[in-house]
Amino acid sequence: MPEGHTIHRLAQDYTAAFARTAVHVTSPQGKFADSAALLDHTALDTADAHGKHLFLGFGAAENPGWVHIHLGLFGKVTFGPTPAPPPTDTVRLRLANDTAYVDLRGPTTCALITDPEKQAIHDRLGPDPLRPDADPGAAHRRISRSRSTIAALLMDQKVIAGVGNVYRAEVLFRHGIDPYRPGRDITPAEWHAIWHDLVALMREGVRNNRIDAVRPEHTPEAMNRPPRVDDHGGEVYVYRRANQSCHLCGDPIRTADLAARNLFWCPTCQQQ
């Protein structure tokens, strides 16, 4: 499932390609056809992201509403220049103007919603490190009252929105924190450091459209080691590196199931 930096990057890409232009909106698959007909030839005014949720705001003057998109595990977004090729029957939503098109396939959610419905989604999500209105204190208040592990809490979108399995594993390694520590044992100073590190890492993820989590002194060039080879891309410390040597201590990276996702960590480096 894409992490929050991908959704914020998509919001930027939709805005760059379609903002303030009349957009041809279709649903070749048919599942979004009625809403597409309402939006067709209206203007895309803005795009917004909160965690793993993307919102496309159409036709403020006519007030048609927001397209709420959640990619889930299988959703894909593909941009291209016009002329657009004939759409396949798997395309849930296509936007097109004179210069670009974008196809959405396989999302968990693609629905036309109102302002109050959009606000209800924001209200149920935790603070997003990439949003200017984020309140990290709200996340820590929930974490500080919880017996759940910090690893599980970081994946709970009601606690903090946009963090997925990669950022969860990497930020805990970067701060030497045992992923099994209860949330209530995370000090305010530790949470402050985790939050600000997530802000920096995720902003870089938006810029580069990939996750790079290693510090400059631990890059392949700095350590004279081979670069990571993985379809996920990006340089990491522990994610998907089970049984490989830790870049810092040399001991094997561990993996285990936690909250229905694979957890990766270094027991030697993460003892706090």
Side-chain angles (χ1 to χ4, degrees), residues 1-6 51-52 73 126 129 139-140 142-202 204-205 208 210-272:
M1 182 183 298
E3 305 205 18
H5 75 287
T6 299
K52 301 179 182 183
L73 290 173
H140 186 252
R142 298 190 69 159
I143 289 168
S144 66
R145 297 193 297 264
S146 179
R147 293 184 174 88
S148 296
T149 65
I150 185 59
L153 291 165
L154 285 175
M155 294 282 283
D156 186 341
Q157 299 299 297
K158 298 186 299 295
V159 175
I160 179 170
V163 172
N165 211 12
V166 188
Y167 283 120
R168 181 262 296 269
E170 294 300 304
V171 78
L172 290 177
F173 178 90
R174 284 167 63 93
H175 294 272
I177 292 176
D178 184 338
Y180 288 97
R181 272 181 67 185
R184 63 183 183 180
D185 291 346
I186 300 296
T187 68
E190 286 173 326
W191 176 246
H192 178 84
I194 289 171
W195 175 268
H196 285 278
D197 205 18
L198 284 169
V199 170
L201 287 171
M202 294 177 76
E204 184 177 3
N208 299 331
R210 61 182 249 172
I211 298 175
D212 285 292
V214 302
R215 303 182 193 277
E217 61 269 28
H218 300 138
T219 62
E221 297 78 13
M223 300 187 73
N224 194 28
R225 61 176 175 82
R228 182 177 184 229
V229 178
D230 186 277
D231 58 6
H232 173 268
E235 286 294 330
V236 296
Y237 288 108
V238 293
Y239 179 71
R240 285 189 181 177
R241 298 195 65 247
N243 302 316
Q244 297 180 41
S245 297
C246 174
H247 293 322
L248 272 63
C249 73
D251 289 347
I253 301 300
R254 294 274 301 277
T255 186
D257 180 78
L258 192 149
R261 301 295 297 275
N262 289 328
L263 173 68
F264 300 91
W265 80 105
C266 175
T268 303
C269 294
Q270 294 176 249
Q271 295 187 7
Q272 294 186 43

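Excluded from the calculations below are hydrogen atoms, water molecules and symmetry mates; all remaining heavy atoms, backbone and side chain alike, are included.
Screening residues 252-272 for ring-ring contact (aromatic ring centres under 6.0 Å, His included) gives Tyr180-Trp265, Tyr239-Phe264 as the qualifying pairs, with residues at least two apart or on separate chains. Each salt bridge (Lys or Arg N to Asp or Glu O under 4.0 Å) pair with one or both residues in residues 150-164, not counting sequence neighbours, appears once here: Asp156-Lys158. Within the structure, no pair that satisfies the salt bridge (Lys or Arg N to Asp or Glu O under 4.0 Å) test touches residues 258-271, not counting sequence neighbours. The ring-ring contact (aromatic ring centres under 6.0 Å, His included) analysis of residues 143-171, with sequence neighbours excluded, yields the pairs His5-Tyr167. Sorted by first then second residue, the salt bridge (Lys or Arg N to Asp or Glu O under 4.0 Å) pairs that include residues 160-178, not counting sequence neighbours, are Arg174-Asp197.
One distance of note links NE2 of His192 with OG1 of Thr187; it measures 11.0 Å at 0.5 Å rounding. Of the inter-residue distances, the one linking Asn165 atom CG with Met1 atom CE reads 10.5 Å to the nearest 0.5 angstrom. Taken to the nearest 0.5 Å, the OG atom of Ser148 stands 13.5 Å off from the CE atom of Met155.
Checked against side chain to side chain donor-acceptor pair (under 3.5 Å), Thr268 has the following partners two or more places apart in sequence or in another chain: Asp251. With sequence neighbours left out, the ring pair (Phe, Tyr, Trp, His ring centres under 6.0 Å) criterion links His175 to no other residue. Remark: Asn262 engages no residue in a side chain to side chain donor-acceptor pair (under 3.5 Å) (not counting sequence neighbours). Applying the salt bridge (charged side-chain N to carboxylate O under 4.0 Å, His left out) rule to Arg181 yields the partners Glu190; only residues at least two apart in sequence or on another chain are considered. Residues satisfying the salt bridge (charged side-chain N to carboxylate O under 4.0 Å, His left out) test with Arg241, not counting sequence neighbours, are none. Under the side-chain contact (heavy atoms from CB on, under 4.5 Å) criterion, Arg147 pairs with Arg184, not counting sequence neighbours.
Closest approach of Pro267 to Arg254, counting heavy atoms only: CG-CG, 3.2 Å. Between Leu263 and Ala151, the shortest heavy-atom contact is CD1-CB, 4.1 Å. Considering every non-hydrogen atom in both Val199 and Pro129, the closest pair reads CG2-O, 3.5 Å. Between Gly164 and Glu3, the closest heavy-atom pair is N-OE1, 2.8 Å. Nearest heavy atom pair, residue Leu248 against residue Cys269, reads CB-SG, 4.1 Å. Here the closest non-hydrogen pair linking Cys266 and Val238 is N-CG1, 4.1 Å.
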Checking Leu153 against Arg142 for the side chain to side chain contact (heavy atoms under 4.5 Å, CB included) test, could you report, in this order, the C-alpha distance in whole Å, the side-chain angles of both residues, the deciding distance, and whether it holds?
CA-CA 9 Å; Leu153 291 165; Arg142 298 190 69 159; over 6 Å; no

Could you give the side-chain donor-acceptor pairs of residues 218-227 under 3.5 Å, partners two or more places apart or in another chain?
unit_1	atom_1	unit_2	atom_2	d
His218	ND1	Tyr237	OH	2.7
Thr219	OG1	Pro216	O	3.3
Thr219	OG1	Glu221	OE1	3.4
Thr219	OG1	Ala222	N	3.2
Arg225	NH1	Glu235	OE1	3.1
Arg225	NH2	His218	O	2.7
Arg225	NH2	Glu235	OE1	3.1

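Between Ile194 and Ile177, some side-chain heavy-atom pair lies under the 4.5 Å cut-off. Contact check for Ile143 versus Ile150: side-chain heavy atoms found under the 4.5 Å cut-off. Using a 4.5 Å heavy-atom cutoff, the side chains of Leu198 and Ile160 are in contact.
In terms of modelled atom types and a separation under 3.5 Å, the side chain of Glu204 and the main chain of Arg210 share no donor-acceptor contact. Of the possible polar contacts, one joining the Gln157 side chain to the Gly162 backbone as a donor-acceptor pair under 3.5 Å is found.
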